[in-house]
Amino acid sequence: MQQNIVVPVDHSVQSENAVKFYLKSIHRHGNRLVLVRCIELPEPSLNKARDSHVSPTILTNLWKEEQAKNKSLEEKMTALLKQQKVPGVLRTTVGKPGEVICRVAEEENAILIITAAQPMSRMRRTLLGDVTDFLMSHAACPVVVCGDPVEVERRRQASAAAGAGASRNKMRHFSGDSIHVFTSRIRHRFASGSKCLSGSRTSDHDALFGDGKEI
């Protein structure tokens, strides 16, 4: 039975890493990959240009640029899927990314959406919202967020370095405690030994010579 997996793509390194993550870690025989590219431009018509307060000429040029980008992306993804022998399709749609991705996932009856974590400034996230948050809230299927491998590796190394530093500090602390305990025991042992030695000498003196008062 064929199962469809949706992966939003653009020209970013993050989206390419999401596709590679799927191919390496999730893909199974019988799965079909549905790549979704969203174009956030008004339709190239005179009425849409007027509604968007954009010159028809500028809008037409923007669409030509998007078509060239789409062709380049399609060639790149086609080569990647052929290399991995994975069936797939690239769907290019117009609209808000979150809404488009959810709609395509429902139309394709997708069992999973894999999206890349796109870096966004706090201002941009506040004004435009986050596509990942929208998918997590509105998608009809599970959503996997794929982090940037470089950033993930950097955090992993930082965490490992912090853990190693904590272990060294802990060992030093334990070592210091051990030395302190060792010296305390030695002092206590010598102190106890001195008392026992002086006590034994007193007992021997009394046993051999008796009480001095009786002489």
Side-chain angles (χ1 to χ4, degrees), residues 1-44 60-120 124-125 128-160:
M1 179 179 178
Q2 179 175 276
Q3 295 180 322
N4 295 326
I5 288 84
V6 168
V7 181
V9 292
D10 52 23
H11 290 277
S12 67
V13 177
Q14 288 82 6
S15 68
E16 184 177 350
N17 288 334
V19 175
K20 291 180 178 179
F21 168 76
Y22 164 78
L23 295 175
K24 180 180 179 181
S25 305
I26 298 181
H27 178 69
R28 296 293 182 271
H29 179 71
N31 289 1
R32 174 174 171 264
L33 190 59
V34 180
L35 305 175
V36 182
R37 181 170 184 261
C38 303
I39 299 179
E40 297 181 84
L41 284 177
E43 295 179 4
T60 300
N61 292 335
L62 290 175
W63 267 99
K64 288 181 179 179
E65 292 178 3
E66 288 297 331
Q67 289 173 353
K69 290 180 181 178
N70 194 70
K71 183 178 180 180
S72 173
L73 182 62
E74 185 176 6
E75 292 175 352
K76 184 178 182 179
M77 290 298 147
T78 300
L80 180 61
L81 295 184
K82 282 186 176 180
Q83 181 183 5
Q84 300 293 329
K85 298 180 180 180
V86 175
V89 62
L90 174 62
R91 291 188 54 174
T92 302
T93 55
V94 180
K96 295 182 179 180
E99 296 176 0
V100 167
I101 296 167
C102 287
R103 186 180 73 246
V104 172
E106 291 180 5
E107 292 174 356
E108 297 286 351
N109 195 25
I111 63 168
L112 183 67
I113 296 174
I114 302 176
T115 182
Q118 297 288 354
M120 295 179 66
R124 181 177 175 82
R125 186 184 298 271
L128 301 180
D130 186 16
V131 176
T132 302
D133 292 341
F134 186 91
L135 295 177
M136 299 288 286
S137 302
H138 298 86
C141 62
V143 178
V144 174
V145 181
C146 182
D148 186 356
V150 176
E151 181 65 18
V152 171
E153 183 62 24
R154 186 190 67 80
R155 293 182 180 181
R156 185 178 298 168
Q157 292 179 358
S159 177

*Asks:* At their closest point, which heavy atom of Ile111 faces which heavy atom of Pro142, and how far apart are they?
*Replies:* O-CD, 3.3 Å

*Asks:* Checking the side chain of Thr115 only, and the main-chain atoms of Thr132 only, is there a donor and an acceptor separated by less than 3.5 Å?
*Replies:* no

*Asks:* Taking it one step at a time, do Glu107 and Arg103 satisfy salt bridge (charged side-chain N to carboxylate O under 4.0 Å, His left out)?
*Replies:* CA-CA 6 Å; Glu107 292 174 356; Arg103 186 180 73 246; 3.7 Å; yes

*Asks:* When rounded to the nearest 0.5 angstrom, what is the spacing between NZ in Lys24 and CG in Asn17?
*Replies:* 11.0 Å

*Asks:* About how many Å separate CD of Glu16 and NE2 of His11, when rounded to the nearest 0.5 Å?
*Replies:* 11.0 Å

*Asks:* Test Glu65 against Lys69 for salt bridge (charged side-chain N to carboxylate O under 4.0 Å, His left out), laying out the working first.
*Replies:* CA-CA 6 Å; Glu65 292 178 3; Lys69 290 180 181 178; 5.2 Å; no

*Asks:* Do Lys85 and His27 come within less than 4.5 Å of each other through their side chains, counting heavy atoms only?
*Replies:* no

*Asks:* Does the Arg32 side chain pair with the main chain of Gly30, one donor and one acceptor, at a distance under 3.5 Å?
*Replies:* no

*Asks:* Carefully, step by step, assess Thr78 and Leu90 under the rule side-chain contact (heavy atoms from CB on, under 4.5 Å).
*Replies:* CA-CA 9 Å; Thr78 300; Leu90 174 62; over 6 Å; no

*Asks:* Is the closest side-chain heavy-atom distance between Leu80 and Lys76 below 4.5 Å?
*Replies:* no

*Asks:* Taking the basic N atoms (NZ, or NE/NH1/NH2) and the acidic carboxylate oxygens, is any pair closer than 4.0 Å for Arg37 and Glu74?
*Replies:* no

*Asks:* Rounded to the nearest 0.5 Å, how far apart are OH of Tyr22 and CG of Asn31?
*Replies:* 4.0 Å

*Asks:* Quick one: are Phe21 and Val7 in side-chain contact, heavy atoms under 4.5 Å?
*Replies:* no

*Asks:* Can you tell me how far CG of Leu33 sits from CD1 of Ile114, rounded to the nearest 0.5 angstrom?
*Replies:* 7.5 Å

*Asks:* Holding to salt bridge (Lys or Arg N to Asp or Glu O under 4.0 Å), I want the full list of residues that pass it with Lys64, two or more places apart in sequence or in another chain.
*Replies:* none

*Asks:* If you measure from CD on Gln67 to CG on Leu62, what distance do you get to the nearest 0.5 Å?
*Replies:* 11.5 Å

*Asks:* Is the shortest heavy-atom distance from the side chain of Leu73 to the side chain of Leu35 under 4.5 Å?
*Replies:* no

*Asks:* On a heavy-atom basis, which atom in Cys38 and which in Pro97 lie closest, and how many Å separate them?
*Replies:* SG-CA, 3.6 Å

*Asks:* Tell me the closest heavy-atom pair linking Ser15 and Pro8, and the distance in Å.
*Replies:* CB-O, 3.9 Å

*Asks:* For Gly147 and Ala117, work out which heavy atoms get closest and say how close.
*Replies:* CA-CB, 4.4 Å

*Asks:* For Phe134 and Cys102, work out which heavy atoms get closest and say how close.
*Replies:* CE2-SG, 4.0 Å

*Asks:* Considering only heavy atoms from C-beta outward, does the side chain of Leu81 approach that of Leu23 to under 4.5 Å?
*Replies:* yes

*Asks:* Supply the atom-to-atom distance Ile39 CD1 to Asp10 CG, rounded to the nearest 0.5 angstrom.
*Replies:* 11.5 Å

